[in-house]
Amino acid sequence: MDFIKLNGQNTPSPTVTVGGISVFKEFLPPSDQLHLVKELRAVAAQAPVFSPKTKSGKPMSVRLTAAGDFGWFSDQRGYRYVEQHPSGVNWPEIPDAIMAIWRAVAGAVPDPECCLVNFYGEGARMGLHQDRDEANFDWPVVSISLGDDALFRVGGTERGGKTESIWLQSGDVAVMGGAARLNYHGIDRIKFGSSSLLKEGGRLNVTLRVVR
DNA sequence: TAGTACCC
DNA sequence: GGTA
């Protein structure tokens with residue numbers, strides 16, 4: 001059991017490991033979760049969510065936006081980080097509360113340059129993939145779950161290998177680093193309406209990355 | 001193949 | 001959960 005000081009309180013956060021990825025269960029108390037949702041609404045107001053197309057041309061079921069120096073974009077030309085929202089506006093700044101979470105869990109590493117905000121509505125999912133659009137895989141990827149429960153699946157560094165699953169809940173924080181940095185991972189499904197954090201239901205997932 | 005449908 |  002780890003104790004991490006956030007918001008002036010010592011929050012007990014049991015950690016579990018899934019496919020080499022550390023998950024800090026219940027890392028964020030409900031008050032912090034509500035604050036993050038408010039901040040993320042402001043991000044989405046400035047940079048509206050959109051559904052990128054995969055390399056095959058099919059739209060992703062997840063809608064996303066971003067904050068920071070870079071956002072993530074995809075179309076038939078491939079995946080890449082981009083400095084502006086598709087509308088041409090700059091990405092909003094990464095909210096301080098989100099930076100604080102990175103600093104608490106990521107270790108002695110550079111600050112994140114990209115804060116992806118993924119929204120999972122009813123039926124949305126994300127297939128197994130690797131995060132390999134970054135220039136340097138030495139830095140971890142940090143993932144924050146808000147809202148509905150999600151079945152997270154993790155494999156190894158090759159497709160077709162064994163996988164392991166865990167239900168992520170609102171307030172859980174996962175860190176993909178070290179040997180697990182390039183592990184395949186995805187969201188098989190969400191339990192729509194399982195959390196009351198988002199009034200309309202659904203799941204928000206925030207991922208932080210060093211891109212360059 | 002950052003997807004989907006269908007099978008057990 | 002696995003397969004195509």
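Naming convention: chains lettered A, B, ... in sequence-line order (proteins, then strands); numbering from 1 in each chain.
When the P atom of B:dA2 is taken as reference, atom CG of A:Leu64 falls 14 Å away, rounded to whole Å. Look at CG on A:Asp188: it is 8 Å from C1' on C:dG1, rounded to the nearest Å. Between the NZ atom of A:Lys55 and the C1' atom of B:dG3 there is a distance of 13 Å, given to the nearest Å. In this entry the distance linking CG of A:Leu182 with P of B:dA2 reads 14 Å, nearest Å. Atom C1' of nucleotide B:dA2 and atom OH of A:Tyr79 are separated by 5 Å, given to the nearest angstrom. Atom NE2 of A:His129 is separated from atom C1' of B:dG3 by 13 Å (rounded to the nearest Å). Nucleotide B:dA2 holds its C1' atom 11 Å from the CD atom of A:Gln130, rounded to whole Å. When the C1' atom of C:dG2 is taken as reference, atom NZ of A:Lys162 falls 15 Å away, rounded to whole Å.
Atom CG of A:Asp75 and atom CZ of A:Arg80 lie 4.0 Å apart (nearest 0.5 Å).
Connection of A:Trp102 to A:Trp91 is not established within any shared hydrophobic cluster, with ILVMFWY side chains joined at heavy-atom distances below 4.5 Å, either directly or through further cluster members.
Among the heavy atoms of the strands, none lies under 4.0 Å from A:Ile187. Backbone-only engagement by A:Thr54 is indicated by non-hydrogen atom pairs under 4.0 Å involving sugar-phosphate atoms exclusively. Nucleic acid contact class of A:Asp133 (heavy atoms, under 4.0 Å, all strands): base.
Aromatic pair A:His85/A:Phe50: ring centres closer than 6.0 Å.
For the pair A:Arg203 and A:Tyr120, the cation-pi criterion (under 6.0 Å, within 45° of the ring axis) is fulfilled.
Listed nucleotides: C:dG1, B:dA5, B:dA2. Nearest to the side chain of A:Ser165: C:dG1. For A:Arg153, whose side chain is taken as the heavy atoms from C-beta onward, the closest listed nucleotide among B:dA2, B:dT4, C:dG2 is C:dG2.
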Evaluation steps, side-chain hydrogen bond (donor to acceptor under 3.5 Å, both in side chains), between A:Asp133 and A:Trp72: CA-CA 9 Å; A:Asp133 304 318; A:Trp72 187 82; 2.9 Å; yes

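For A:Arg189 and B:dT4, the shortest distance from a side-chain N or O to OP1 or OP2 is not below 4.0 Å.
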